[in-house]
Amino acid sequence: NTGSVSILYTLDGSDPTRNAKVYNRPFKIDSTCIIKTKAYSGNDSSVVTQAHFYKLLHDYTVTINSDVNAQYAAEGSKSLVDGIYASTDWRKGDWIGCQGQDFECIVDLGAKRDISYLSLNCLQDTRSWILFPKQINFYGSSDGQVFSLLAQASTLVKPDDYAIQSYKYEKKLDKKLNVRYVKIIATKFGRLPEWHIGQGGQAF
């Protein structure tokens with residue numbers, strides 16, 4: 001309550017009414033939720049403001065071995081394993097991207113675990129110089145030093161497809177494999193072809 005204004009909130013995704021909880025001190029959350037707030041003053045009220053909070057399912061760490069472009073840095077390397085899928089609007093700042101080089105990262109699962117499925121979600125916005133990787137290679141390792149190829153994935157989407165879209169490069173393994181580290185290498189598209197307005201420039 002700030003003067004004659006009361007801020008009310010919910011944690012279940014519903015819009016706050018005058019019967020919702022009144023915000024008067026900081027509080028803790030320990031699970032995935034949507035917090036919605038609304039201010040009331042007399043007969044007047046504000047629009048609803050909301051924020052999504054996601055609880056990480058795993059405490060994985062990620063090392064990125066490529067130079068991340070500053071405008072495509074998301075929330076850092078943790079963005080790759082936080083379970084949140086970005087929208088196709090790269091302007092929201094939820095994607096990680098690099099230009100003129102392959103993308104490489106190593107995911108440390110914290111301990112040796114059985115894995116049977118691998119995926120990397122990628123974005124294509126051809127007009128904005130963002131093109132799908134030519135191929136994704138997934139590698140596994142027990143010690144973080146010696147890696148073996150586990151799977152490869154590619155897409156049939158053409159680079160001159162101007163639809164703004166995401167694509168999940170994914171592979172289901174024939175059998176479970178026990179590894180601690182997973183290395184992912186996304187092969188760059190390279191220079192933009194002659195049909196592109198940015199001909200000769202390096203794609204993201």
Side-chain angles (χ1 to χ4, degrees), residues 1-64 68-98 103 105 107-111 113-132 136 155 157 161-170 172 182 184 186 204:
N1 192 311
T2 306
S4 60
V5 178
S6 295
I7 300 174
L8 292 96
Y9 69 95
T10 60
L11 302 177
D12 61 3
S14 63
D15 288 349
T17 66
R18 293 182 184 274
N19 296 321
K21 293 181 179 179
V22 177
Y23 176 79
N24 48 32
R25 65 176 64 88
F27 57 90
K28 293 182 179 181
I29 55 175
D30 58 7
S31 60
T32 297
C33 67
I34 300 174
I35 298 179
K36 291 189 175 184
T37 64
K38 191 171 185 176
Y40 288 92
S41 178
N43 294 324
D44 298 323
S45 62
S46 70
V47 297
V48 174
T49 301
Q50 67 180 39
H52 293 247
F53 292 87
Y54 299 89
K55 184 175 182 178
L56 296 180
L57 297 178
H58 309 285
D59 190 24
Y60 300 157
T61 58
V62 183
T63 301
I64 297 177
V68 174
N69 187 280
Q71 67 177 325
Y72 303 122
E75 296 297 323
S77 61
K78 205 74 170 179
S79 300
L80 293 168
V81 291
D82 61 8
I84 303 171
Y85 287 92
S87 75
T88 55
D89 185 358
W90 55 264
R91 295 169 184 81
K92 293 182 178 179
D94 297 327
W95 288 93
I96 287 179
C98 51
F103 173 78
C105 72
V107 181
D108 182 354
L109 306 178
R113 302 176 188 272
D114 289 335
I115 63 171
S116 59
Y117 174 81
L118 298 158
S119 71
L120 180 70
N121 206 43
C122 296
L123 175 71
Q124 179 159 294
D125 183 348
T126 301
R127 287 185 178 84
S128 300
W129 295 33
I130 302 168
L131 290 130
F132 283 141
I136 307 291
T155 177
V157 178
D161 183 340
Y162 280 87
I164 301 173
Q165 58 195 299
S166 62
Y167 181 83
K168 186 182 290 184
Y169 292 76
E170 57 186 341
K172 185 173 183 180
V182 175
I184 304 170
F204 289 91

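Quick note: numbers below take in every heavy atom, side chains included, and nothing from hydrogens, waters or symmetry partners.
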Asks: If only atom types and distance count, is the side chain of K36 paired as donor or acceptor with the main-chain N or O of Q50 below 3.5 Å?
Replies: no
Asks: Can you classify the ring geometry of Y169 versus Y167 as parallel (below 30°), tilted (30 to 60°) or perpendicular (above 60°)?
Replies: perpendicular
Asks: Do you know the tightest heavy-atom contact between A39 and V5?
Replies: CB-CG1, 4.0 Å
Asks: How long is the straight-line distance from CG of L123 back to CD1 of I96, given to the nearest 0.5 Å?
Replies: 13.0 Å
Asks: Supply the atom-to-atom distance D125 CG to T88 OG1, rounded to the nearest 0.5 angstrom.
Replies: 8.0 Å
Asks: Under the 3.5 angstrom rule, does the side chain of T32 hit a backbone N or O of K55 as a donor-acceptor pair?
Replies: yes
Asks: Compare all side-chain heavy atoms of F53 with those of I35 and state whether any distance is below 4.5 angstrom.
Replies: yes
Asks: Donor-acceptor pair, distance only, cut-off 3.5 Å: does the side chain of W95 make one with the backbone of S87?
Replies: yes
Asks: Could you tell me whether the side chain of I136 reaches within less than 4.5 Å of the side chain of I184, counting heavy atoms only?
Replies: yes
Asks: Specify the closest pair of heavy atoms between T37 and Y9, including all atoms of both residues, with the distance to one decimal.
Replies: CG2-CB, 3.8 Å
Asks: Return yes when atom CZ of F27 has more than 12 non-hydrogen atoms of other residues, nucleotides or ligands closer than 6.0 Å, and no otherwise.
Replies: yes
Asks: Would you say K21 has more than 12 foreign heavy atoms packed within less than 6.0 Å of its NZ?
Replies: no
Asks: Rounded to the nearest 0.5 Å, how far does CG of L109 lie from OG1 of T61?
Replies: 8.5 Å
Asks: Just verifying a value: how many Å separate T126 OG1 and Q165 CD, rounded to the nearest 0.5 Å?
Replies: 7.5 Å
Asks: Hydrogens and angles aside, do D12 and S14 bring a side-chain donor and acceptor to less than 3.5 Å of each other?
Replies: yes
Asks: May I have the step-by-step check of side-chain contact (heavy atoms from CB on, under 4.5 Å) for N121 and K168, ending in yes or no?
Replies: CA-CA 4 Å; N121 206 43; K168 186 182 290 184; 3.6 Å; yes
Asks: Short question: side chain of S77, backbone of V62 - any donor-acceptor pair under 3.5 Å?
Replies: yes
Asks: Less than 4.5 Å apart, side chain to side chain, heavy atoms only: is that true for D94 and I84?
Replies: no
Asks: About how many Å separate CD of Q124 and CH2 of W129, when rounded to the nearest 0.5 Å?
Replies: 15.0 Å
Asks: What's the shortest heavy-atom distance between Y40 and T17, and which atoms?
Replies: OH-CA, 3.4 Å
Asks: For L11 and C33, which heavy atoms make the closest approach, and how far apart are they?
Replies: O-CB, 3.6 Å
Asks: Distance check, rounded to the nearest 0.5 Å: I164 atom CD1 versus D89 atom CG?
Replies: 7.5 Å
Asks: State whether the number of non-hydrogen atoms from other residues, nucleotides or ligands found under 6.0 Å of E75 atom CD is greater than 12.
Replies: no
